[in-house]
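Numbers here are sequence positions counted from 1. Quick caveat, the model's predicted, so the values are computed rather than measured.
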Amino acid sequence: MSKFYSIRTKLIAFMLIATTLPLLASISMTFIQTKTALREQAVEENKRLIYQASTNLNNYVDNVARASLAVYNDPNFLRNLAKIPGDYRAVAEVYTTLQTIRAAVPDVFQLYLHSFAANQSTLITNPFPKREERKQAYSGSLHGKTGGDSPDIWVESAHMSHTYGFKAASPDDPARTVITLHRVIKDIPSTERLGVLAIDLNMNTIAAITGRLYDPAKEQIYVVDGQNQIIYQGRSEANHTDALREETASELNIARTGAGTAQNVAGHFEQDRSMYVYQQLGSTYADWTIVKQIPNETLYARATTLTWNNAMIAIAALVLVIVATLFISIRITGPLKQLMRYMNQIQAGRLHVDIHLSSRDEFGVLARHFRDMMDTVNNLILREYRLEIANKTNQLKALQAQIHPHFLYNTLQSIGTLALQQQGQRAYILLTSLSKMLRYSMRDQTSVTLREEAEHARLYLELQQERFGDRLEVDLNFAEDTLSVEMPRMTLQPLIENYFKHGADIQPGKGHISLSSRRINDHWIEIELNNNGPSIPEEKLLEIRGWLHPSHTTTGLSTQESDESESIGLRNVIRRLQLNSHPGHSARLEINNREPNGVKIRVKLYAGE
């Protein structure tokens, strides 16, 4: 039986499925629900934090913008712009105002002022200010904001710092990333431009505000402008060439477009195995957006940890279930397997197997009943076997007793004739042949080889030739490779004897008998007997063929024989062939008439493997 169909396999599979599926379903549902809850919680928390940071950044930009209003708060500042550089007092007052602005904003890196009225440029940086005459500001386009409808104040995105055309104080002083607040100074209330102020701010305050929003080891933070250029990003410096990834920028633009004219767009989206939470500042001066990137492994770390803990518990439970299932299945199927082994031994022929199962459950009861059944079967088989042996022995003895009178009668008659003719030597030869035949027929062996049976047939025909003289021709031709095949003793003589009983005395002319053997294939041989005596009547031939059926030849002596004195030898041969056939390879006998007269008999015997 295939292991796949065994009760143990089915029980184990059922227990594993019944345990594993609920566990896996529970773990999956817990993970999905925890993941969803963590995502929603993380989004809300980060939105709140980023909103507070955007408020702080907005206030920071507003403070810088308010600090730049010092140019208007000083009533003399606008008049002094026209006096410099000739009026040193005006220069000092302008310088003082610029220092006031610098002091009001702690992150100021440097300030640049250009007066269109005096064609004077001033750079306030460490360790001292620089001034020089110029016909126009360092950037004639005012960094792209000089159009007629351009604002008076705006913030330039992150870029590398420069000296606004002045000679650097030190060649080793490196450039740094800064943002710049630009303000156009006008002669209020008129729209005449008196000058332009640029305040370069380092990234310290932005870094401090955004640094509280993320874990540098696991997350990333960005501050980007309206064109998605990076103003600041955590863990590395940004310059004017840095920008968000194209896919992320596209999602952000879609969100801005969907918000219409709103200035403080907020939301989140998932992309590239990360969650992005964003918040727009809504500043009048800086169109900035804070974007926080949270990788999924960070976002769902707690869910993963919880899932692993549940998985460990599930695995432990599964191992326990497997052990319990194996124990139960072995306890249940072990006795069944032992009983199956006993059955296999019985099937192989060992009927006296000691069936011993000590369990007291239903399997033990089944084993004891099976053992009692086998004892009963063995007793029945033994009784039937002994009866069958006795029946076969009695049948063989009865069959052999029927053959002997025919043989003795014919032979003694021939020897008596020789005695009357006073041929003593010939009579002695015939008596010697007769004695050999009698010893052969009186042997206890049931089976003999074809070689022995052929010799017995030769002696019998020799005696018959003495009786018939020149009126009988005999032809014997046995193949050498068939002589070792075993067959029932006294098979050929009764077949030959039928010719002398039914046709020799009335045969006109010479009688002819031929006896031969040949091998059909590796497993079968054929013995053929031919004579030229009278043919068998058709009705009698049909009756004889009916004897050849096993149902008529293996059930003992027939009670339906119409004439016991006829065909005794042929009946005996058929019965003995059937009684002594190899199991599964029954011997076959065929009888047919020859043309124009005579009988042909074929015996097919199994020669073994």
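Considering only heavy atoms from C-beta on, Ile206 stays 4.5 Å or farther from Leu201 through its side chain. Residues Phe269 and Thr248 form a side-chain contact, since some pair of their non-hydrogen atoms from C-beta on lies under 4.5 Å apart. Side-chain contact check for Gln280 versus Asp287: some heavy-atom pair is nearer than 4.5 Å. The side-chain heavy atoms of Pro216 and Tyr214, taken from C-beta on, include a pair separated by under 4.5 Å. In this structure the side chain of Ile231 reaches within 4.5 angstrom of the side chain of Met203, judged on heavy atoms. Residues Tyr278 and Val265 form a side-chain contact, since some pair of their non-hydrogen atoms from C-beta on lies under 4.5 Å apart. Side-chain contact check for Tyr72 versus Arg183: some heavy-atom pair is nearer than 4.5 Å. Side-chain contact check for Asp215 versus Thr298: every heavy-atom pair is 4.5 Å or farther apart.
The two residues Thr125 and Phe109 make their nearest non-hydrogen contact at OG1-O, 4.2 Å. Across Pro295 and Glu219, no two heavy atoms sit closer than the pair CD-CA, 4.3 Å. Nearest heavy atom pair, residue Arg102 against residue Leu111, reads CB-CD1, 3.7 Å. Contact detail for Phe166 and Lys130: the closest heavy-atom pair is CD2-CB, 3.8 Å. The two residues Leu213 and Leu49 come nearest to each other via the heavy atoms CD2-O, 3.4 Å. Minimum interatomic distance between Ala67 and Val105 (heavy atoms only, all atoms of both residues): CB-CG2, 3.5 Å.
Shown here is Met29, whose CE atom has no more than 12 heavy atoms of other residues, nucleotides or ligands within 6.0 Å. Residue Arg245 places its CZ atom among more than 12 non-hydrogen atoms of other residues, nucleotides or ligands, all under 6.0 Å distant. Around the CD atom of Glu247, the shell of radius 6.0 Å holds more than 12 heavy atoms that belong to other residues, nucleotides or ligands.
In this structure, OG1 in Thr97 is found 4.0 Å from CG in Asp74, a value given to the nearest 0.5 Å. Between Gln229 atom CD and His159 atom NE2 the span is 13.0 Å, to the nearest 0.5 Å. With rounding to the nearest 0.5 angstrom, the CE atom of Met275 is 4.0 Å from the CD atom of Glu270. The structure places OG of Ser157 at 8.5 Å from CD1 of Ile179, a figure rounded to the nearest 0.5 Å. Between the CG atom in Leu281 and the OG1 atom in Thr289 there is a gap of 7.5 Å [rounded to 0.5 Å]. For the atom pair CD1 of Ile101 and CG of Leu197, the computed distance is 5.0 Å after rounding to the nearest 0.5 Å.
Remark: side-chain polar atoms of Asn58 are not paired, donor with acceptor, to backbone N or O of Ser54 under 3.5 angstrom. Asn253 places a side-chain N or O within 3.5 Å of a backbone atom of Ala249 that can act as its donor or acceptor partner. Ser250 contributes no side-chain N or O that, together with a main-chain N or O of Glu246, makes up a donor-acceptor pair within less than 3.5 Å. Counting only distance, with no hydrogens or angles, the side chain of Lys292 and the backbone of Asn46 share no donor-acceptor pair below 3.5 Å. A donor-acceptor contact shorter than 3.5 Å is absent between the side chain of His523 and the backbone of Asn521. At distances below 3.5 Å, at least one donor-acceptor pair connects side-chain atoms of Ser115 with backbone N or O atoms of Leu81. Between the side chain of Glu156 and the main chain of Val178, no donor-acceptor pair closer than 3.5 Å is present.
Under the 30°/60° scheme for interplanar angles, the aromatic rings of His114 and Tyr112 are found to lie parallel. In this structure, Trp524 and His585 have tilted ring planes: the angle between them lies in the 30° to 60° band.
Shown here are the ring pair (Phe, Tyr, Trp, His ring centres under 6.0 Å) partners of Tyr222, two or more places apart in sequence or in another chain: there are none. Tyr60 pairs by the ring pair (Phe, Tyr, Trp, His ring centres under 6.0 Å) definition with nothing, not counting sequence neighbours.
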Before giving the answer on side chain to side chain contact (heavy atoms under 4.5 Å, CB included), spell out for Val64 and Val155 the whole-Å C-alpha distance, their side-chain angles and the decisive distance to 0.1 Å.
CA-CA 10 Å; Val64 176; Val155 176; over 6 Å; no
Chi angles and distances behind the side chain to side chain contact (heavy atoms under 4.5 Å, CB included) call for Val277, Ile50:
CA-CA 8 Å; Val277 183; Ile50 294 175; 3.8 Å; yes
Before giving the answer on side chain to side chain contact (heavy atoms under 4.5 Å, CB included), spell out for Ile124 and Tyr95 the whole-Å C-alpha distance, their side-chain angles and the decisive distance to 0.1 Å.
CA-CA 8 Å; Ile124 304 297; Tyr95 176 75; 3.3 Å; yes
Begin from the C-alpha positions of Ile209 and Tyr232 and carry the test side chain to side chain contact (heavy atoms under 4.5 Å, CB included) through to its verdict.
CA-CA 11 Å; Ile209 293 174; Tyr232 173 80; over 6 Å; no
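A donor-acceptor pair shorter than 3.5 Å can be found between the side chains of Glu93 and Asn80. With 3.5 Å as the limit, one finds no donor-acceptor pair spanning the side chains of Ser161 and Asp200.
Salt bridge status for Arg48 with Glu44: absent, with no side-chain N to carboxylate O gap under 4.0 Å.
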